[in-house]
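First comes the structure, then the notes that go with it.
Indexing begins at 1, ligand by ligand and atom by atom, following the structure's order. Atom set for the values below is all heavy atoms of this structure, side chains included, hydrogens, waters and symmetry mates excluded.
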Amino acid sequence: MAGLSFYSLSNCILHVLLVHYCQSRLIGPNQPIIATAEEDITLPCHLIPGENVAAMTLEWARPDLDPRFVLVCRAGQELINRKNPSYKGRSSLFTDELKHGNISLKLSKVKPADEGRYRCHIPEKNEEAFIDLVVASSAVSSPVISLGGMGRDKTGVMLQCESAGWHPKPELLWLDGEGNLLSAGPTETLRGPDDLYTVSSRVTVEKRHSNNITAESN
Ligand SMILES: *[C@@H]1O[C@H](CO)[C@@H](O)[C@H](O)[C@H]1NC(C)=O
Ligand SMILES: *[C@@H]1O[C@H](CO)[C@@H](O)[C@H](O)[C@H]1NC(C)=O
C-alpha cells in the first residue's frame, strides 16, 4: 500500500515536471521590430522545442483591429476570408519553416497603419507571443522655413517651419547659427488620414541673433 502511494506520488511529480518543462513555448523578439514604410519585413515567432506545426491552426492577429486577423492558417490552408482586408495579399508564412515550428510572419509593403502589437498564437498548444511593430515613415519632406512677418513687438521677425510625412511623431527644434536652442512656440501637430504627421512651429528671432537659423526635425 505504502509502495503504491509512493509510486503514484512520484508519478505525479514526474507529470508536473513534464508539464512544466516540456510544455512548448512560442518565442517572439524581446525588442520591437522597427521597419521603414514600403519595406518587406519578417515578424519572428517560433515554437521551442521545434516541432512540425504545418498541420495545426496558426494565427496572427492584431487585437486592436476588427476583424483582428492578419493571417489564419488551418492545416496548411490560409483562411483568406478571416483576414483583415488591409493585409490582403501582404501577409504570409514561410511554408518551408513550419516543419521546424517557425511561424514567423512575412509582411510586405509595410504601411504606417501596420504599426501596433501583433499576437502569434497556436490554439492547439495554448501558446501565444506578442510582437511590437514600429513603422518609420519614408515620406518625410525636409523642413521648409518661411517668413511669418514682424514679431509682436517689432524687434524681430517671425519665422515659421513646417515639415510633413513623419511617422512616428517627430520633435521640432529651432537652432541659431551657433547651434543654440531657440525658445519657440508650441509645436502644432496634425495627423493625416495616412497616419503621417505634419509638424509646424513658429519662432520670433531677435535682431541680436546671427542671421543663420536652422530648424531640425527628427
Ligand atoms: C524563421 O524563418 C525566417 C524566414 O526564413 C528566418 O528569418 C528566421 O531566422 C527563422 N527563425 C528561426 C528561429 O529559425
Ligand atoms: C548656417 O549654419 C548651418 C549649421 O551650422 C551651416 O551648415 C550652414 O552652412 C550655415 N549657412 C550659412 C549661409 O552660413
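Residues that satisfy the side-chain hydrogen bond (donor to acceptor under 3.5 Å, both in side chains) test with Asp40, not counting sequence neighbours, are absent from this structure. In terms of the ring-ring contact (aromatic ring centres under 6.0 Å, His included) criterion, Tyr87 has no residue partners (sequence neighbours excluded).
More than 12 heavy atoms of other shown residues, nucleotides or ligands fall within 6.0 angstrom of atom CG in Asp64.
A side-chain N or O of Ser201 and one of Trp174 form a donor-acceptor pair less than 3.5 Å apart.
Contact residues of ligand 1 (protein heavy atom closer than 4.0 angstrom to a ligand atom; sorted by chain and number): His46, Phe94, Glu97, Asn102, Ser104.
Side-chain atoms of Arg62 come within 3.5 Å of backbone N or O of Glu115 as a donor-acceptor pair.
Residue pairs meeting the salt bridge (charged side-chain N to carboxylate O under 4.0 Å, His left out) criterion with at least one member in residues 158-175, sequence neighbours excluded, do not occur.
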